[in-house]
Amino acid sequence: MPAVVSAQVSVQQEPFDVSAELKAIAGGRHDIGAVASFVGLVRDLADAKLSSMTLEHYPGMTEKALIEIVEQAKQRWELLGVRVIHRYGRLAPGDAIVLVLVAGSHRGEAFAACEFIMDFLKTRAPFWKKEETPAGGRWVDARDADDAATARWKA
Amino acid sequence: MPAVVSAQVSVQQEPFDVSAELKAIAGGRHDIGAVASFVGLVRDLADAKLSSMTLEHYPGMTEKALIEIVEQAKQRWELLGVRVIHRYGRLAPGDAIVLVLVAGSHRGEAFAACEFIMDFLKTRAPFWKKEETPAGGRWVDARDADDAATARWKA
Amino acid sequence: MTIKLLYFASLREALGVSGEEIALPQDVDDVAKLRAHLAARGESWQVLEHSKKLRAAVNQSMVGNETRVKDGDEIAFFPPVTGG
Amino acid sequence: MTIKLLYFASLREALGVSGEEIALPQDVDDVAKLRAHLAARGESWQVLEHSKKLRAAVNQSMVGNETRVKDGDEIAFFPPVTGG
């Protein structure tokens, strides 16, 4: 049974459903032993009193950047399926922002590839968060920790 | 806003729904930024022609072992929620066996704790898989790779 | 003293029994001695003493062979686990 | 030559423009020279030349300052990304 690698990337305003995406990636297949996934959510820190968050992106480049990241992961590990969904537009605290699902034969490669995709997405995919609070709008600063997380994959 | 840590462990025959579990762990909360998850599935290798897999477990000890693993993860990382569901009984190829969901402020701790829980579950939780094939039943052998995966957390 | 014994998976099938209650001599007071005591039952039981792979749990916690055995304990033997 | 310029997020707000098409002198032939060329427009534009943080993309790929600029290119400037 040859491995069929399907890589799908979506940039959308609509919410996503993790169970439906899991079914789409693994349903009807019997060769997948492990699916690692990540969901990123809008956090409201106690001191921010966030009323909403708006995600801006760079249409065209966004999809291209995500596909490149997924392709890099597929070159690095033997994966049986990848699904990336990133939302844009106005979101509320607690809303899901991003989903990364990675299917593989075993858990080691699925976990590693899922974390790899998230690390590169955080530093390479052209999205920008703006928080709206009672005190006004504020663009979220990039975190040095995210650069460090990306850098560790070069080793 | 103090962090509320809820750890829930279930050992059950019934299937589980990842979206419902995600909602149960993160719904209505605004402090969770990251949810890492893992789903393990029944694989049918090309040479096995698996017709079904039966999972035996040790009622009582199973729940206790899973709770201990979750508690260890919570001591090691600041987590905002953990959910572990492990099925037993007769499963078909493609069926989900196990779900581990870990919610945290950031992705690093969520990924690490999710992988930690899976590694310990694989070597410490009393479940045993028996594969049924046209050639008869066969107990699955433990993998040395799983012992190695558990050992690396001692460093 | 009396203990409860449980056997799981391939060991349960090999022994043909899933559980039993037995009375133990006073000098069988740790897991290693219990393994030897059971191994004396016959050939299919010798794996308990001689297999380095078979795990033991006392009162639902995995333990080593040096662990004490007390009256009323629930003691399980089983192969390495393969869940997940 | 003519290029398309795009600005995103806080840079877009600071410049007050999201995109434009401009004609470039022939000697403005890489990203570094383009940054300097735009910086000459006035104070709010100097960040393009002097900020080490502002990223550039040519034809939707993130690139360094040494990257060549050609007629018809789509060139974007933006702060470090914060998605995910």
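No experiment lies behind these values; they were computed from the predicted model shown. Throughout, a chain's letter reflects where its sequence line sits, starting with A, and its residues are numbered from 1.
Contact between C/Thr82 and B/Asp141 at its shortest, heavy atoms only, is CG2-C, 3.8 Å. Across C/Met62 and B/Arg124, no two heavy atoms sit closer than the pair CE-O, 3.2 Å. Shown here for C/Ser61 and B/Lys64, the closest heavy-atom pair between the two residues is OG-NZ, 3.2 Å. The shortest non-hydrogen separation linking B/Met61 to C/Gln60 is CG-O, 3.2 Å. Residues C/Val81 and B/Ala142 approach most closely at O-CB, 4.0 Å, considering heavy atoms.
Both the backbone and the side chain of C/Ala9 come within less than 4.5 Å of a heavy atom in chain B. Proximity to chain C involves both the backbone and the side chain of B/Lys122, based on heavy atoms less than 4.5 angstrom apart. When heavy atoms are compared at a cutoff of 4.5 Å, B/Ala65 does not approach chain C at all.
Atom CZ of C/Arg41 sits in a crowded spot, with more than 12 heavy atoms from other residues, nucleotides or ligands closer than 6.0 Å. More than 12 heavy atoms of other residues, nucleotides or ligands shown are found within 6.0 angstrom of CD on B/Glu14. Under a cut-off of 6.0 angstrom, the local environment of CG in B/Asp144 is sparse, with at most 12 non-hydrogen atoms contributed by other residues, nucleotides or ligands.
Not one N or O on the side chain of B/His86 forms a donor-acceptor pair closer than 3.5 Å with the backbone of C/Gly83.
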- [ ] With side-chain contact (heavy atoms from CB on, under 4.5 Å) as the test, would you mind laying out the steps for C/Glu13 and B/Lys130 before giving the verdict?
- [x] CA-CA 12 Å; C/Glu13 288 187 347; B/Lys130 188 176 192 178; 2.5 Å; yes
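Comparing B/Tyr88, B/Phe127, B/Tyr58 by heavy-atom pairs within less than 4.5 Å of chain C, the highest count is held by B/Tyr58.
Ring pair C/Phe8/B/Trp128 is parallel by interplanar angle, where below 30° counts as parallel and above 60° as perpendicular.
Distance OG/C/Ser10 to CD/B/Glu56: 9.0 Å, rounded to 0.5 Å.
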